[in-house]
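Step one of this worksheet: look at the structure below.
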Amino acid sequence: MPERRFMSVIRPLPPPSQEAMRTALARHEALAPVRRIECAVADFSSVARGKLVSRGDWLAHAGCKLPSVLLGLTLTGGEPEAVFGPVLPVSYADMHLVPDLSTLAPRPGRPGELSVVCEPAGALGGGLDASALSPRGALRSVLERLQGAGLRATVAPELELFLLERHPDQGLGAARGRPDSPARELAVEAFSLERTSHFEAYFDDLYAACEAWGIPVCGHAHESALSQYEVNFQPGEPLAQADAVWRFKRLARELAVRHGFLASFAAKPFLDQPGTGMHWHISLQHTDGRDWPHVFGLPDGSSAPALSHFVAGLQAEAAATMAFLAPFDMSYDRIRLSDAAPSHASWGEESRSLAFRIPASGPAARRVENRLPGGDANPYLVMATTLGLGLLGLLARQAPGEGQALPATLANALEALQASQPLRVLLGDPLVNAWVGIKRHESAERHRHADPRQDWDLRHLLELA
């Protein structure tokens with residue numbers, strides 16, 4: 001079968017000039033010498049990939065190089081035949097990691113090291129540029145569409161996570177605040193300040209690391225599941241917020257290991273407990289300088305028609321979007337065994353059982369909360385699909401409905417994604433085709449096990465989702 005090539009809608013991130021890179025370095029070197037820079041890139045998983053390079057090499061290469069094979073790998077390192085050849089050339093050419101200098105910051109706990117978020121770029125053959133498979137690049141592309149429509153978005157994520165331990169004799173369980181502590185949560189202690197205090201040292205380190213990376217965390221609390229916590233973020237610009245969530249997941253996992261337990265964003269570690277969500281509050285503003293810039297609310301306190309049009313755009317492709325918002329087979333346990341996790345693309349005021357909730361607020365703060373994404377979702381693709389589809393609904397003045405049932409399995413969601421023209425328009429054929437190929441390969445690998453949940457989900461997703 002001949003290789004197929006499709007057009008991408010994602011433009012590569014322009015490489016910074018040498019002057020800009022030296023100026024960015026100088027701001028940090030005024031405080032302390034810099035020896036190494038960590039170039040971090042987001043692939044389809046939520047795991048940070050990349051390379052540590054010397055200061056001199058980073059300047060010489062305007063970032064660094066990395067093998068393009070990374071763009072097509074599954075979570076467990078598999079190379080799907082549906083991706084390598086049909087989408088990604090099998091030459092495995094190097095790609096360039098282009099740094100976004102606005103994200104350059106000290107690496108927490110590593111004196112002399114900086115970290116910078118990068119995007120892949122460079123011709124890989126067959127007319128494909130590495131940027132076509134960049135989740136971060138996909139979000140930038142959608143934000144350009146939003147800007148072209150005279151709009152900007154303000155978003156605020158809420159992210160849930162579990163603090164866990166693996167017990168050889170008892171299986172998975174709640175973490176202890178300290179490895180030498182006898183105290184362990186045995187029943188759900190929702191919103192318990194006392195139980196939360198057992199993890200103060202961990203959260204202190206986590207907040208300090210977030211401050212170093214400019215992650216706008218503003219609070220946390222024990223949630224409604226065993227050893228589950230929710231972390232809240234202040235509102236901000238979508239790309240910066242997606243960076244913040246992606247970086248936060250990494251920091252939460254790394255610091256938990258140093259404290260002797262696991263931080264997990266897996267969608268449903270316990271079948272009898274609520275799952276892990278990644279909820280996003282979204283509002284839109286006009287950028288033309290008008291006196292009332294707020295798109296979703298009217299000065300008299302009522303919702304503007306634009307809000308329902310935006311929701312309608314989300315509803316129209318909800319089945320296909322679930323392939324991104326619930327990216328693993330385990331993710332559908334969260335939907336199937338619902339506990340405040342929506343099972344339909346419903347919308348309305350206040351209720352937390354709705355997919356697209358309109359929280360009570362004043363007109364200037366009128367917003368949509370997308371409650372569909374799981375904690376295992378890629379934040380860049382969550383934002384790209386939510387803002388992109390909402391914009392399409394807004395421009396077409398679509399009318400919302402009651403909301404159809406969501407896919408019950410990853411296989412069904414992937415079928416819907418494969419056929420979705422709006423998502424191909426927003427994200428490009430290469431990204432959609434690669435995502436489908438990777439996810440089908442992961443699912444097939446999982447189902448080869450006698451006990452897929454125990455032997456694949458809990459083995460891999462606890463630490464990698």
Side-chain angles (χ1 to χ4, degrees), residues 8 10-43 47-71 93-124 128-144 147 208-216 236-251 254 379-380 383-384:
S8 171
I10 303 170
R11 293 190 298 177
L13 183 69
S17 67
Q18 281 289 305
E19 180 182 2
M21 295 182 71
R22 291 184 183 279
T23 299
L25 273 180
R27 286 196 292 268
H28 294 281
E29 290 179 324
L31 302 175
V34 173
R35 298 189 302 275
R36 288 181 293 272
I37 293 93
E38 176 191 78
C39 297
V41 65
D43 65 356
V47 178
R49 314 284 181 180
K51 193 175 186 179
L52 267 170
V53 297
S54 69
R55 179 189 183 280
D57 282 350
W58 187 71
L59 285 171
H61 297 289
C64 74
K65 302 283 188 180
L66 214 62
S68 62
V69 65
L70 172 68
L71 299 176
D94 277 349
M95 60 186 179
H96 182 202
L97 297 194
V98 180
D100 182 338
L101 296 181
S102 69
T103 68
L104 187 66
R107 190 175 168 210
R110 298 291 299 172
E113 292 184 6
L114 302 179
S115 182
V116 66
V117 178
C118 301
E119 290 184 26
L124 301 180
L128 184 74
D129 191 273
S131 60
L133 301 179
S134 168
R136 191 176 192 268
L139 175 53
R140 277 195 305 102
S141 177
V142 167
L143 292 176
E144 289 172 4
Q147 184 180 26
C210 286
E211 184 176 359
W213 270 355
I215 299 173
E237 183 274 329
L239 187 61
Q241 294 287 67
D243 284 340
V245 169
W246 181 64
R247 280 178 148 177
F248 177 86
K249 292 175 75 171
R250 173 191 176 180
L251 290 176
E254 288 183 356
Y380 299 108
M383 274 291 88

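Values below: all heavy atoms of this structure, side chains included; hydrogens, waters and symmetry mates excluded. Since this is a predicted model, take the numbers as computed values, not measurements.
Rounding to the nearest 0.5 Å places OG of S131 at 7.5 Å from CZ of R140. Considering OG1 of T103 and CD of E119, their distance stands at 9.5 Å, rounded to 0.5 Å. Atom CD of Q241 is separated from atom CG of D243 by 9.5 Å, given to the nearest 0.5 angstrom. The line from OG of S115 to CZ of R107 is 7.0 Å long, rounded to the nearest 0.5 Å. To the nearest 0.5 Å, the span separating CG on L133 from CG on D43 amounts to 10.5 Å. Atom-to-atom distance recorded for R49:CZ and L71:CG is 11.0 Å, nearest 0.5 angstrom.
In plain terms, the two heavy atoms of A105 and A212 that are nearest each other are CB-O, 3.6 Å. Residue P238 comes nearest to L139 through the heavy atom pair O-CD2, 4.0 Å, listed as atom of the first residue, atom of the second, then distance. Between V53 and C39, the closest heavy-atom pair is CG2-SG, 4.3 Å. Looking at every heavy atom in both residues, R250 comes nearest to A48 through CD-CB, 3.9 Å. When every heavy atom of C118 is checked against every heavy atom of V41, the shortest pair comes out as O-CG2, 3.7 Å. A pairwise comparison of heavy atoms in A121 and V98 identifies CB-CG2, 3.9 Å as the closest pair.
Between the H61 side chain and the H96 main chain, no donor and acceptor come within less than 3.5 Å of each other. Side-chain N or O atoms of T23 include one that pairs as donor or acceptor with a backbone N or O of E19 at under 3.5 Å.
In this structure D100 satisfies the salt bridge (charged side-chain N to carboxylate O under 4.0 Å, His left out) test together with R136, sequence neighbours excluded.
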| request: List the steps and the verdict of side-chain contact (heavy atoms from CB on, under 4.5 Å) for L101 and R27. | output: CA-CA 11 Å; L101 296 181; R27 286 196 292 268; 5.8 Å; no
| query | Between L52 and E113, does a side-chain contact (heavy atoms from CB on, under 4.5 Å) hold up when you go through it step by step? | reply | CA-CA 9 Å; L52 267 170; E113 292 184 6; 4.0 Å; yes
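Looking at L25 and I37, their side chains come closer than 4.5 Å, going by heavy atoms from C-beta outward. Annotation: side chain of M21 is not in contact with side chain of V116 (no heavy-atom distance under 4.5 Å). For the pair M95 and L70, the minimum side-chain heavy-atom distance is below 4.5 Å. Residues L59 and R55 are in side-chain contact: their nearest non-hydrogen atoms beyond the backbone lie under 4.5 Å apart. Between P120 and S68, every side-chain heavy-atom pair lies at or beyond the 4.5 Å cut-off. Within the 4.5 Å cutoff, the side chain of C210 has no heavy atoms near those of the R247 side chain. Side-chain contact check for M383 versus V245: every heavy-atom pair is 4.5 Å or farther apart. In this structure the side chain of P106 reaches within 4.5 angstrom of the side chain of H28, judged on heavy atoms.
Atom CD of E237 has more than 12 heavy atoms from other residues, nucleotides or ligands within 6.0 Å. Around atom CD of Q18, more than 12 heavy atoms belonging to other residues, nucleotides or ligands sit under 6.0 Å away.
Taking the charged nitrogens against the carboxylate oxygens, E254 and R110 have no contact shorter than 4.0 Å, which rules out a salt bridge.
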